[in-house]
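Below: the structure, in structure tokens.
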Amino acid sequence: MSNKDTSSSTIQVFLGAILFANASFELVAQAGRFRLAAEESGFHAPTMDEFYPDAYLFEGTPFAINRIIMARLIAVAVLAAICILYAKRAKLVPGRAQAAFEFVLDFIRKSIGYEVLGEEKAGRYLPALATMFLGILFMNITGVIPGLHIASTSLIGMPIIFALFAYILFIVAGIRVHGVGGYFKSQLMPAGVPKPVLILMTPIEFLSNFIVRPATLAIRLLANMVAGHLLLVLCFGATHYLYFSMGGAVGILSGSVTLLGGIAVVVFEILVAGLQAYIFALLAAVYISLSIEEH
């Protein structure tokens, strides 16, 4: 390559770097202007305050009801009504509603119970697994229900209750099969491990089996529902600001993008609601299996 070509290439690279830097500074400036305009117009990014709404019934009492508590009560009431109607009106030849509910129950029985525990052992634990799956599903789905707009599991209390339920379930299952001493020995002292190594392994097994398991169940469920709600609020809050406060062609175009993003997040949240219910019930079944099997 000649010196002339080299010099030309160097100049082109230098000019390209200048243009890139100029474009970057312009984007930063635009972002700053957008932020200032948003602050002036009252636009606020979602914060954790979203999950601590004010009470509007029985305020100042232990029975105070806010939007999250109301969403939980509605989810429980709807689930209870569906179960009662199914129990009272079940027919040999099911209609569409009965077939849909039986499809869900069959999914829990086969894809969670039989798949993890086996057909012989699953029967005893299927009611508990179905309770966890359906309870979490209905409480998750409130995040996309108009008028509620928040998942009932997006505050730590409810995930902890479900995690404690699974925790007690797999401990009781293990004790029922192995006895108290045999269960804790099998969980804390892995077979075949030399005795000197048990000094290190026992506290690790204790943390893994009795602390990490319930903690991860609760945290996984909580984190997914919190993240989903924040994304929804961000997308639709930005859409409202861009359409009605910013205006203009840029505002309408940008608002349309955030609106489509919000719709996509709604669909994604519906999938996540079902997926998190499935994962929670599946892991509970796995922990039960680990508790009742011989190690």
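Numbers here are sequence positions counted from 1.
- Within the structure, side chain to side chain donor-acceptor pair (under 3.5 Å) contacts touching residues 57-70 (residues at least two apart or in different chains) do not occur.
- Pairs passing the side chain to side chain donor-acceptor pair (under 3.5 Å) check and including a residue from residues 132-160, sequence neighbours excluded, read Asn140-Thr153, Thr142-Ser152.
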Per-pair distances, 0.1 Å, donor-acceptor, side chain in residues 263-284, under 3.5 Å, sequence neighbours excluded:
none

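- Nearest heavy-atom pair across Pro159 and Leu222 is CG-CB, 4.2 Å.
- Among residue pairs with one or both ends in residues 53-95, those qualifying as ring pair (Phe, Tyr, Trp, His ring centres under 6.0 Å) are Tyr86-Phe101; sequence neighbours excluded.
- Through direct or relayed side-chain contacts under 4.5 Å between Ile, Leu, Val, Met, Phe, Trp and Tyr, Val172 connects to Ile168.
- Under the ring-ring contact (aromatic ring centres under 6.0 Å, His included) criterion, Phe206 pairs with Phe210, not counting sequence neighbours.
- The closest side-chain heavy-atom distance from Val76 to Phe138 is not below 4.5 Å.
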Enumerate donor-acceptor pairs with a distance under 3.5 Å from any side-chain N or O in residues 194-202 to protein atoms, sequence neighbours excluded.
from: Thr202; atom 1: OG1; to: Leu188; atom 2: O; distance (Å): 3.4
from: Thr202; atom 1: OG1; to: Leu198; atom 2: O; distance (Å): 2.8

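- A heavy-atom distance below 4.5 Å is found between the side chains of Asn224 and Arg220.
- Annotation for Ala99 and Pro94: closest pair N-CB, 4.0 Å, computed over non-hydrogen atoms.
- Under the side chain to side chain donor-acceptor pair (under 3.5 Å) criterion, the residue pairs touching residues 87-101 are Gln98-Glu102, with sequence neighbours excluded.
- Of all the heavy atoms in Thr131 and Phe162, the pair that sits closest is O-CE2, 4.5 Å.
- In this structure a side-chain-to-backbone donor-acceptor pair under 3.5 Å is present from His178 to Ser291.
- In this structure, Pro127 and Arg124 approach most closely via the heavy-atom pair CD-O, 3.9 Å.
- By the ring-ring contact (aromatic ring centres under 6.0 Å, His included) test, Tyr183 is found to be paired with no residue, residues two or more places apart in sequence or in another chain being considered.
- Looking only at side-chain heavy atoms (C-beta outward), Arg213 and Leu290 come within less than 4.5 Å of each other.
- Taking both residues in full, the closest heavy atoms of Ile69 and Ala64 are given as CG1-O, 4.3 Å, listed atom of the first, atom of the second, then distance.
- Taking the ring-ring contact (aromatic ring centres under 6.0 Å, His included) definition, one finds that Phe170 meets it with Tyr167, Tyr287, sequence neighbours left out.
- When all heavy atoms are compared, the tightest approach of Gly261 to Cys235 is C-SG, 4.0 Å.
- Panel note: side chain Ser208, backbone Ile204; no donor-acceptor pair is recorded below 3.5 Å.
- Under the ring-ring contact (aromatic ring centres under 6.0 Å, His included) criterion, His240 pairs with Phe244, sequence neighbours left out.
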Inset, instruction - Let me see the working for Leu117 and Ile112 under side chain to side chain contact (heavy atoms under 4.5 Å, CB included), right down to the final yes or no. - result: CA-CA 8 Å; Leu117 297 167; Ile112 298 177; over 6 Å; no

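- For residues 255-265, the pairs satisfying side chain to side chain donor-acceptor pair (under 3.5 Å) are Thr239-Thr258, Tyr243-Ser256, with sequence neighbours left out.
- Counted by atom type alone, Ser111 and Glu115 present zero donor-acceptor pairs between their side chains at under 3.5 Å.
- Using a 4.5 Å cut-off on side-chain heavy atoms (C-beta onward), Leu148 and Ile74 make contact.
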